Amino acid sequence: MSNLDLGPASVARVREAADIVDVISDHVTLKRRGSRWIGLCPFHQEKTPSFSVDAERGLYYCFGCHAGGDVIRFVMELENLSFPETVESLARRFGVQLPEASPGARTRRDSGERIRGILAEAQAWFQRQLAAPAGSAARAELERRGFGRESWTELGFGYAPDAWRELLEHLATRHPEGAILEAGLAVAGERGNPYDRFRNRITFPIHGSDGRIIAFGGRALGDTEPKYLNSPEGVVFHKRSTLFMLHRARRAMSDAGHALVVEGYFDCLSLHRAGFTQAVATLGTALTTDHARILRRLAPKVLLCYDADAAGRRAAAVGSGILLEAGLEVEVIAMEPGQDPDDVIREGGPEAFQQILERPSGLIDFLCAELPEEPQQRRRAGIELAPLVGAARDPVTRVQLMERLARRLDLPVEAVREYARKRRPRRAASAAAQAAPVESARPIPPGEAELLRILIECDPGLRGSILEDLRPELLESEEVRRLVEAIAERAANAPPGRAVQTLLEEVVDPGLSRLLAETCLSEKPDLTESGIRAQLRLLFQRQVRIAARRLQRQIEAAEARGDMDEMQRLQAEKIALRQEKPGF
């Protein structure tokens, strides 16, 4: 762990000192075009420049593959460095003297250590509860799933009793309630009375890259929803950069020459129990570029093993695009409908899964499996995969995939290459989602991207008026909502030219950095007062419609259960909503 101060002030100094054009020019030939610099994107293959750099704001964005962020994100992504490594590297390059860790920085570091200590204590307690009389149902469920007692300690199983405050009261003898809440082990009640987050669940620890516990997962016993529950994200736990069981899988991935990525916790745990220790799982989120970067460091190939239903097929299709863009080779383990690795191992033992593992589907075979049989329709649907395979970073892989796709569609290879050059979807991975017979990802809803741009570029007075009338909970894009909340908390009074820099100091999520870069670098008409107010009125009307629909569902539910008082209250709220007028 670095002994230098890498707090927000130090990082901001490095970001301001680092010449983003100078840094990116080490990897990309940039040419000035107006106020921007343009070049070929280093993150995907292209012949027409779609990579743009804004030196004044310190942002880059690719309109082809949609990579984007600031100078720190660029170095992290391209050179596979951690955040501290990147900040220290840029500081050395541009002569920024980073001070020793301040008392505040040490406090933040100590907070992370304290949270890890609390999580370790909770793990020991969960394991004791599993062995206690109250854990009998959890023990029976583990044995039913094929996990003998000898594996419980090795895999870290525990049990959270069906009680509201047992863990909290146990930990509170040594730790303040606030620290237990910060560790994600308790939930703040409506009246300020916290209670245990995990109740009547089999628990299992989630480890960081150093092998220490950073969170927990819990599988409900009985019909409790949700079936699986994670710790919330916090100081030490970030889902988009964490892979379940990675701490045990590193060496096995290297030895096997591939990583095996599955969707479910128990699928992953069953595979480890059966000896397939190269298996990891995502934590309730799709594969991310952070995951791909981690996997690329450990093995050249990834085998995706997802459910055969529509959601699993789409996840595998989109995930394969992200992995190809990162330079990985991808194959797919195609499970029988209704089966998952846990089922296969329980029914046929490790040998049964080994047989499946030895016969993976090539990526093109998997993606083309559900295409129409009629030749012309098949070509029209299948050619949409060309941008996906064309975005593969490894040139050998790219050529092989192009040739295989051309053969499956009975087309010349050059036709596939030409289509890939002409079409640059929002993400290369989206081509797979479009070709697969499943629901595509939803774009940012109308008006929300415009709202973000307005909040970044407008003066503090108008920004304050907008934030006062806006209802962030009605924004449909989670990323837009999180950036709007960050603006309200950190940049509400920032001058127009300073709002982006203020946000960059606060935003650490790569997805948010990318959206911020896209918002700032996209070519759009100049903002005028009349245009701003028209956009805001449309968004306000949209929010009113969304809120009214929600209220109507609540009114109908109240009427169905005969709660007339609640129904009348909701009707009055709906009438008042329709009469609201924004202050902008």
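If you read the sequence from its start, that first residue is 1, and numbering goes on from there. This one's a predicted model, so the numbers in the text were calculated from it and none came from an experiment.
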*Asks:* Is it true that E121 and R174 have a side-chain N and a carboxylate O under 4.0 angstrom from each other?
*Replies:*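 Salt bridge flag = yes for R174 with E121.
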*Asks:* Which one of L411, V413, I383, V389 satisfies the side-chain contact (heavy atoms from CB on, under 4.5 Å) criterion with L405?
*Replies:*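 For L405, the side-chain contact (heavy atoms from CB on, under 4.5 Å) check succeeds only for V389.
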*Asks:* Under the 3.5 angstrom rule, does the side chain of T288 hit a backbone N or O of R240 as a donor-acceptor pair?
*Replies:*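 The answer is yes, because a donor-acceptor pair under 3.5 Å joins these two groups.
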*Asks:* When the ring planes of Y265 and Y228 are compared, do they come out parallel, tilted or perpendicular, using 30° and 60° as the limits?
*Replies:*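 Rings of Y265 and Y228: tilted, 30 to 60°.
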*Asks:* Do the side chain of D394 and the main chain of E329 share a donor and acceptor less than 3.5 angstrom apart?
*Replies:*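 Pair absent, no side-chain N/O of D394 close to backbone of E329.
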*Asks:* Salt bridge check: are R293 and E77 linked by an N-O gap of less than 4.0 Å?
*Replies:*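 A salt bridge links R293 with E77.
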*Asks:* Can we say D342 and R346 salt-bridge, meaning some charged N sits less than 4.0 Å from an Asp/Glu carboxylate O?
*Replies:*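 Yes, D342 and R346 are salt-bridged.
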*Asks:* Please report the interatomic distance CG(L401) to CD1(I364), rounded to the nearest 0.5 Å.
*Replies:*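 Spacing of CG (L401) from CD1 (I364) equals 5.0 Å.
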*Asks:* Please determine if R417 and E414 form a salt bridge, counting it only when a charged side-chain N lies under 4.0 Å from a carboxylate O.
*Replies:*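 Yes, R417 and E414 are salt-bridged.
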*Asks:* In sequence, state the C-alpha distance, the side-chain angles, and the governing distance for F74 and F43, and then conclude on ring pair (Phe, Tyr, Trp, His ring centres under 6.0 Å).
*Replies:* CA-CA 10 Å; F74 179 86; F43 297 104; 5.7 Å; yes
*Asks:* Using 4.0 Å as the upper bound for N to carboxylate O, is an ion pair formed by R421 and E418?
*Replies:*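 Yes.
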*Asks:* Please, which pairs that meet ring pair (Phe, Tyr, Trp, His ring centres under 6.0 Å) have at least one residue in residues 323-365, sequence neighbours excluded?
*Replies:*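 As it turns out, the ring pair (Phe, Tyr, Trp, His ring centres under 6.0 Å) pairs with a partner in residues 323-365, which skip direct neighbours, are F276-F353.
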*Asks:* Quick one: does any side-chain atom of S270 pair with a main-chain N or O of D267 as donor and acceptor, under 3.5 Å?
*Replies:*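 The answer is no, because no donor-acceptor pair under 3.5 Å joins these two groups.
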*Asks:* Is the backbone N or O of G184 less than 3.5 Å from a side-chain atom of R197, with the two atoms forming a donor-acceptor pair by type?
*Replies:*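 Here the side-chain-to-backbone pair exists.
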*Asks:* Just by modelled atom types, is the G69 backbone N or O under 3.5 Å from a matching donor or acceptor in the R514 side chain?
*Replies:*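 The answer is no, because no donor-acceptor pair under 3.5 Å joins these two groups.
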*Asks:* Would you find a donor on one side and an acceptor on the other, under 3.5 Å apart, between the side chain of R398 and the backbone of A391?
*Replies:*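 No, R398 side chain to A391 backbone: no donor-acceptor pair under 3.5 Å.
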*Asks:* Can you tell me if S254 uses its side chain to pair, donor with acceptor, with the backbone of R251 under 3.5 Å?
*Replies:*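 No; zero donor-acceptor contacts below 3.5 Å.
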*Asks:* Give a yes or no on this: more than 12 heavy atoms of other residues, nucleotides or ligands lie within 6.0 Å of atom CD of E358.
*Replies:*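 Yes, enclosed.
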*Asks:* I'd like to know whether the aromatic ring centres of H207 and F244 sit less than 6.0 Å apart in this structure.
*Replies:*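 No, ring centres 6.0 Å or more apart.
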*Asks:* Between Y306 and D340, is there a side-chain donor-acceptor contact under 3.5 Å, judged purely by atom types and distance?
*Replies:*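 On atom types as modelled, these side chains do not qualify, holding no pair under 3.5 Å.
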*Asks:* Measure from NZ or CZ of R145 to the centre of the six-membered ring of F266, then state whether that distance is under 6.0 Å and the direction lies within 45° of the axis.
*Replies:*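 Pair R145/F266 counts as cation-pi.
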*Asks:* Do R408 and D365 meet the salt-bridge criterion of a basic N to acidic O distance under 4.0 Å?
*Replies:*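 Result for this pair is yes, salt bridge flagged.
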*Asks:* Could R553 and E556 be called an ion pair, given the rule that one side-chain N must be under 4.0 Å from one carboxylate O?
*Replies:*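 Salt bridge between R553 and E556, a charged N being under 4.0 Å from a carboxylate O: no.
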*Asks:* Treating T282 as the side-chain partner and L287 as the backbone partner, does any N or O pair qualify as donor plus acceptor under 3.5 Å?
*Replies:*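 Such a contact is absent between T282 side chain and L287 backbone.
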*Asks:* Using modelled atom types only, decide if a donor and an acceptor are shared between the side chain of R273 and the backbone of G146 within a distance under 3.5 Å.
*Replies:*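 Yes; at least one donor-acceptor contact below 3.5 Å.
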*Asks:* Check whether any side-chain N or O of Q278 sits under 3.5 Å from a backbone N or O of H258 as a donor-acceptor pair, and report yes or no.
*Replies:*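 No, Q278 side chain to H258 backbone: no donor-acceptor pair under 3.5 Å.
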